[in-house]
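Atom set for the values below is all heavy atoms of this structure, side chains included, hydrogens, waters and symmetry mates excluded. In what follows, chains carry the letters A, B, and so on, assigned in the order in which the sequence lines appear, proteins first and then strands, with residues in each chain numbered from 1.
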Amino acid sequence: MTDLTVNICGTDLKNPVIAASGTFGFGREFSEYFSLSRLGGISSKGLTLNRREGNTGIRIYETTGGLLNSIGLQNPGIDEFIENELPFMEQQGTVIMANVGGNTIDEYIKAVDKLNETNIDIIELNISCPNVKKGGMAFGIKAETAYKVVSEVRQICKKPLIVKLSPNAEDIVHMAESCVKAGADGLSLVNTFSGMAIDIKSRKPIFDNIIAGLSGPGIKPIALRMVYQVSKAVDVPILGIGGIMDYKDVVEFIMVGAWAIQVGSGNFKNPKVTLDIIEGLKEFMIEEGIKSLEEIRGII
Amino acid sequence: MTDLTVNICGTDLKNPVIAASGTFGFGREFSEYFSLSRLGGISSKGLTLNRREGNTGIRIYETTGGLLNSIGLQNPGIDEFIENELPFMEQQGTVIMANVGGNTIDEYIKAVDKLNETNIDIIELNISCPNVKKGGMAFGIKAETAYKVVSEVRQICKKPLIVKLSPNAEDIVHMAESCVKAGADGLSLVNTFSGMAIDIKSRKPIFDNIIAGLSGPGIKPIALRMVYQVSKAVDVPILGIGGIMDYKDVVEFIMVGAWAIQVGSGNFKNPKVTLDIIEGLKEFMIEEGIKSLEEIRGII
Amino acid sequence: MKEGYREVIVYSNKQIASNIYEMKVVSDKDELRFEGKSGQFYMVRGWESLDPYLSRPISICNIEEDRLTFLYEVRGKGTHLISTLESGHSLEILGPLGNGFNINIKGNIALVSGGIGIAPMIYLAKSLHANVDFYCGFRNEIYYIDEIEENVENIFISTEDDSKGYNGFITEILKPEQYDVIFTCGPLPMMKRVVEMCKGKVRVYASMESRIACGIGACLGCTIETKSGIKRICKEGPVFYGEEVLFND
Amino acid sequence: MKEGYREVIVYSNKQIASNIYEMKVVSDKDELRFEGKSGQFYMVRGWESLDPYLSRPISICNIEEDRLTFLYEVRGKGTHLISTLESGHSLEILGPLGNGFNINIKGNIALVSGGIGIAPMIYLAKSLHANVDFYCGFRNEIYYIDEIEENVENIFISTEDDSKGYNGFITEILKPEQYDVIFTCGPLPMMKRVVEMCKGKVRVYASMESRIACGIGACLGCTIETKSGIKRICKEGPVFYGEEVLFND
Ligand SMILES: Cc1cc2nc3c(=O)[nH]c(=O)nc-3n(C[C@H](O)[C@H](O)[C@H](O)COP(=O)(O)OP(=O)(O)OC[C@H]3O[C@@H](n4cnc5c(N)ncnc54)[C@H](O)[C@@H]3O)c2cc1C
Ligand SMILES: Cc1cc2nc3c(=O)[nH]c(=O)nc-3n(C[C@H](O)[C@H](O)[C@H](O)COP(=O)(O)OP(=O)(O)OC[C@H]3O[C@@H](n4cnc5c(N)ncnc54)[C@H](O)[C@@H]3O)c2cc1C
Ligand SMILES: Cc1cc2nc3c(=O)[nH]c(=O)nc-3n(C[C@H](O)[C@H](O)[C@H](O)COP(=O)(O)O)c2cc1C
Ligand SMILES: Cc1cc2nc3c(=O)[nH]c(=O)nc-3n(C[C@H](O)[C@H](O)[C@H](O)COP(=O)(O)O)c2cc1C
Ligand code: FES
Ligand code: FES
């Protein structure tokens with residue numbers, strides 16, 4: 001028997017394939033293409049205490065091997081999420097992670113407090129969104145700042161708390177250690193890399209916000225390295241993210257220490273990519289005689 | 001008249017297109033394809049005081065939108081360089097930058113001291129090579145460490161001193177400022193990003209050294225962002241590097257503040273890519289009525 | 001459940017004007033027919049590699065039985081690659097996506113297109129059961145007019161270089177008051193002008209463009225601002241009620 | 001000055017065994033002929049995109065007048081893309097690169113190949129003016145033997161599944177002492193074995209493989225260790241004096 005399950009912070013996942021925040025909405029659009037119950041889990045679009053309109057101007061720009069985005073955390077706000085989106089998500093038969101962003105510690109706390117009262121399985125604290133001016137970014141760069149927000153949220157958070165790290169952190173290992181010390185039950189990494197692009201004809205930045213977030217297969221080698229380093233340093237479950245396109249990428253992430261993984265930009269190339277990945281992973285494990293993910297987790 | 005020249009630290013370059021260190025050898029191989037006199041300059045393969053054999057195992061691994069390398073600073077050492085390679089380079093009619101790496105401050109100093117006595121135009125201090133264990137890396141991460149090596153080298157260096165920054169630096173802007181404070185006459189950025197890859201069949205890292213350096217068009221948006229941020233913070237000439245494949249990329253780098261640029265992995269796709277870039281840049285400037293690079297430098 | 005990307009076969013793919021191509025695709029499986037309303041689009045991927053990373057949105061230009069037609073302009077890498085696909089080759093498409101035009105509208109209708117904005121108009125003209133006039137502006141070369149002729153009453157053409165029809169912009173010869181509804185697709189300035197001309201007089205429906213990533217409404221990358229908030233081109237659109245759209249410059 | 005990448009046209013590209021293809025290319029410019037010695041290679045790029053990023057090294061399998069032949073195995077993305085190129089299509093090649101075999105050697109010569117290592121042997125056999133025996137090992141399916149027949153005295157075949165010739169590895173039937181020089185190309189373990197067998201008895205020249213980036217000797221990415229130091233496959237090689245090579249496992 002090949003066992004794809006994995007337990008993340010007390011929650012059982014059918015398989016290690018989670019849809020990454022911001023690339024999967026609240027699952028609605030994808031549920032038209034396949035049953036979401038097949039997924040290990042879904043991380044919701046980044047939520048903030050209050051509704052956000054997101055950024056103006058161009059929001060998506062293709063680059064070699066990936067894309068820059070500047071969505072700017074457009075979301076309906078926690079209340080509307082709980083009212084309109086969560087009931088739908090709860091019916092899908094998969095693990096639900098609420099991805100939470102914020103501009104201030106207070107905002108994080110108020111948002112998490114509201115989520116405490118729901119059936120959400122896991123809270124994923126996004127301290128890394130690079131798109132909001134003076135926003136999430138500030139918390140994701142310096143370990144000390146991250147420590148502060150994570151430990152304050154930890155105090156009131158009744159759910160398993162996963163902190164999502166930014167690859168722009170000064171020292172990813174130190175950052176990871178600080179978040180764990182502050183009470184994170186798990187870590188997910190990486191979020192997007194700060195990047196930019198210029199329209200050379202108009203002589204202006206492509207994005208109104210100038211700087212945007214880079215994702216996609218082009219960043220995979222860096223993300224993999226970060227997961228490797230972090231997994232050697234901490235003892236909590238790690239969700240690997242960054243440029244995952246197929247099952248082979250997943251195996252790489254697991255071998256460097258990820259417990260599960262998230263697929264982001266891959267969903268844009270093919271809305272059913274997560275299913276292909278799950279199938280491919282299963283076949284690979286059978287071929288290689290791998291009975292459970294633990295066997296290969298962190299063997300590098 | 002369209003003027004492509006640029007003066008970097010007192011040295012006139014015909015045009016802003018420099019071949020990046022480690023991707024162009026000492027120019028010999030490329031001189032079989034075109035006259036090197038057409039280039040703005042050449043940065044030599046990374047040189048160390050003593051000869052180095054480089055790393056064992058796989059040295060090059062293709063990734064989406066780029067490649068990982070783990071050459072490990074294979075080079076003949078400064079003396080042999082001066083004796084066998086420099087005379088050739090001097091005949092090519094282009095600006096010569098000697099890229100210098102090292103494991104200790106002492107090594108850097110001894111190497112630079114020897115180069116002081118040559119006709120080299122500029123020294124490019126590589127504090128960022130991620131391939132040498134306990135090597136260049138250490139200096140390129142923390143601004144304080146970089147400050148120390150740069151200021152010591154500065155004291156004995158009789159040539160214009162450009163410091164090449166690592167994108168793995170904790171805080172690229174602070175790093176840049178520290179290097180300038182320590183006496184750097186210019187900065188080049190970026191070197192390769194620390195990354196890795198796994199052979200999932202053998203369950204081993206691709207590289208003997210585990211971690212390797214990522215380059216190529218996939219990293220361009222991040223490199224561009226770093227050049228943008230650094231150019232806003234310091235007043236010395238900046239050489240932009242990272243994923244440059246065509247003249248449009250060059251224009252982007254110049255618009256965010258680069259004085260000149262270096263082409264690295266692009267040379268692998270096409271050994272004559274630098275010529276295409278120079279031609280393309282000239283045509284673009286004519287079409288857009290740009291008389292000199294200064295007109296567009298840093299306009300973002 | 002909707003299908004994901006499906007493989008289709010190039011039946012023909014030919015250049016019909018400079019940079020303008022018409023590609024017809026057929027299904028590789030007999031049972032499968034193409035669905036879709038005029039104004040809807042497909043995500044098209046005609047390459048195996050990850051560069052370009054994203055698929056390209058192309059409108060339904062026509063559906064005839066088992067044949068789907070795309071009319072497209074080569075603008076960059078993606079459309080160039082599509083233009084190199086030869087008969088018999090396969091490509092992947094996802095769709096139909098988006099809302100499409102409301103074709104149940106009656107009365108006097110004008111279709112106003114600029115350049116490659118003509119693409120969705122062909123199928124729209126065919127789908128409408130009303131009196132339709134067609135206004136199409138081109139920069140210089142005109143194309144694809146024959147394909148629409150039999151489904152419309154009058155055709156008005158403009159070119160910017162006086163090579164055919166009216167010399168100038170198509171909006172200069174459009175008489176909004178003659179129509180009950182106007183459908184438009186083309187460059188943003190043109191659509192903006194049409195909406196302005198018709199304000200308070202004639203209902204306008206405009207097919208908007210934006211950079212598309214997922215194409216299915218999940219990433220919020222393709223949004224435009226409207227009077228009733230941020231809307232997704234690929235889901236609530238691409239067709240919007242003109243007066244709703246906030247045309248920013 | 002050497003030419004950079006040049007555009008050539010696919011004359012034919014056909015599958016000749018499972019995963020094995022033969023492609024012939026011709027020059028688009030009449031004046032240009034193909035140069036190159038056996039054992040040299042070209043960097044081949046049959047796609048416009050940046051994924052795959054690097055071109056792929058393929059040996060000269062044959063040169064006939066204005067026609068250059070590549071024999072290649074589809075291993076991954078790059079060779080797969082090359083296999084999809086149809087007659088008339090263009091691709092870019094850079095070369096010839098590397099040192100090539102020394103074809104001025106006289107005496108009794110054996111060529112020993114394993115699998116797709118047969119590729120450079122075709123042109124080598126044609127170029128040599130000596131008594132040549134050809135030993136070729138295959139896993140199961142054998143291919144391309146006819147192409148070499150007229151240029152060699154004897155052909156010895158082995159397969160690992162007993163489907164043709166000797167059942168086992170080709171090195172098991174090679175008699176080194178019968179030859180003055182042996183040229184070999186194939187999987188590393190095979191070449192290593194050949195060198196071991198011949199040590200102190202027969203000179204062996206082996207065509208080595210490594211991951212190639214620049215292909216012209218600049219990046220130091222393709223090195224192997226030899227008794228006289230680190231050497232570049234693409235410049236000092238791919239052909240090395242066997243006893244010089246440090247075969248690491
Ligand atoms: C719903 C919808 C339907 C469409 N239907 C058709 C159709 O039927 N026929 C057709 O020819 N085209 C259509 N388009 C436009 C088409 O999708 C783009 O031209 C195509 O994606 C460009 O891809 P490319 O790789 O060729 O160009 P790129 O290399 O991606 O870009 C070329 C140039 O165009 C600019 N550009 C690219 N995308 C956009 C954009 N969305 N908005 C503004 N500028 C852009 C780039 O900045 C660049 O300067 C449609 C677009 C949408 C959103
Ligand atoms: C000088 C030289 C001459 C060659 N001549 C021929 C020839 O005539 N015919 C022919 O079929 N092949 C030849 N090869 C091999 C050929 O270049 C590779 O098979 C090809 O580059 C693989 O590319 P790909 O994109 O298909 O596979 P990839 O997707 O790059 O790789 C497929 C698999 O092969 C492995 N791999 C890729 N490259 C290498 C390598 N260099 N060494 C070991 N493993 C590797 C990868 O790790 C992967 O597992 C030659 C190689 C060299 C260096
Ligand atoms: C369009 C887009 C929107 C995103 N929005 C969020 C978000 O709201 N919250 C978050 O934590 N990460 C967000 N991300 C980051 C992804 O969840 C993921 O961490 C990142 O894209 C790297 O993975 P990938 O390379 O697989 O895309 C977003 C990414 C993209 C491309
Ligand atoms: C094979 C290889 C070898 C390199 N060797 C050196 C080196 O010796 N010294 C150095 O400063 N940078 C070295 N670099 C880094 C490049 O000079 C350049 O900074 C980096 O590749 C990013 O640019 P690119 O994306 O254009 O390649 C090397 C890069 C590659 C790919
Ligand atoms: S393209 Fe993703 S929401 Fe429209
Ligand atoms: S591939 Fe660059 S030196 Fe051989």
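- Both the backbone and the side chain of A:K248 have a heavy atom closer than 4.5 Å to some heavy atom of chain B.
- The 12-atom threshold is not exceeded at NZ of A:K204, counting heavy atoms of other residues, nucleotides or ligands nearer than 6.0 Å.
- Of the inter-residue distances, the one linking A:D171 atom CG with B:N168 atom CG reads 11.0 Å to the nearest 0.5 angstrom.
- Distance CD1/B:I200 to CZ/A:F253: 13.0 Å, rounded to 0.5 Å.
- Among A:T64, A:I254, A:L214, A:I198, the residue making the largest number of heavy-atom pairs under 4.5 Å with chain B is A:I198.
- With a 4.5 angstrom heavy-atom cutoff, A:F284 touches chain B only via side-chain atoms.
- In this structure the side chain of A:T63 never reaches within 4.5 angstrom of the side chain of B:K220, judged on heavy atoms.
- In this structure, the portion of A:I300 lying under 4.5 Å from any heavy atom of chain B is its side chain and not its backbone.
- Within the 4.5 Å cutoff, the side chain of B:F193 has no heavy atoms near those of the A:I219 side chain.
- Neither the backbone nor the side chain of B:L67 comes within contact range of chain A; no heavy atom of the residue lies under 4.5 Å from a heavy atom of that chain.
- Contacts of B:K201 with chain A are made by both backbone and side-chain atoms, with heavy-atom separations under 4.5 Å.
- Open room surrounds CD on A:E294; 12 or fewer heavy atoms of other groups in view lie less than 6.0 Å from it.
- With a 4.5 Å cut-off on non-hydrogen atoms, A:I290 touches chain B through its side chain but not through its backbone.
- Side chain of B:R225 to main chain of A:S194: a donor-acceptor pair is present (N/O by atom type, distance under 3.5 Å, no hydrogens or angles).
- Heavy-atom contacts from other residues, nucleotides or ligands closer than 6.0 Å to NZ of A:K272 number more than 12.
- Contacts of B:L224 with chain A are made by both backbone and side-chain atoms, with heavy-atom separations under 4.5 Å.
- Using a 4.5 Å cut-off between heavy atoms, B:I172 does not touch chain A at all.
- Ranked by heavy-atom pairs shorter than 4.5 Å toward chain B, the options A:G195, A:G66, A:G218 are led by A:G195.
- The neighbour count for B:K232 NZ, taken as heavy atoms of other residues, nucleotides or ligands under 6.0 Å away, is above 12.
- Residues B:E252 and A:M196 fail the side-chain proximity criterion, which asks for heavy atoms closer than 4.5 Å.
- Proximity to chain A (any heavy atom under 4.5 Å) is shown, for B:Y61, by neither the backbone nor the side chain.
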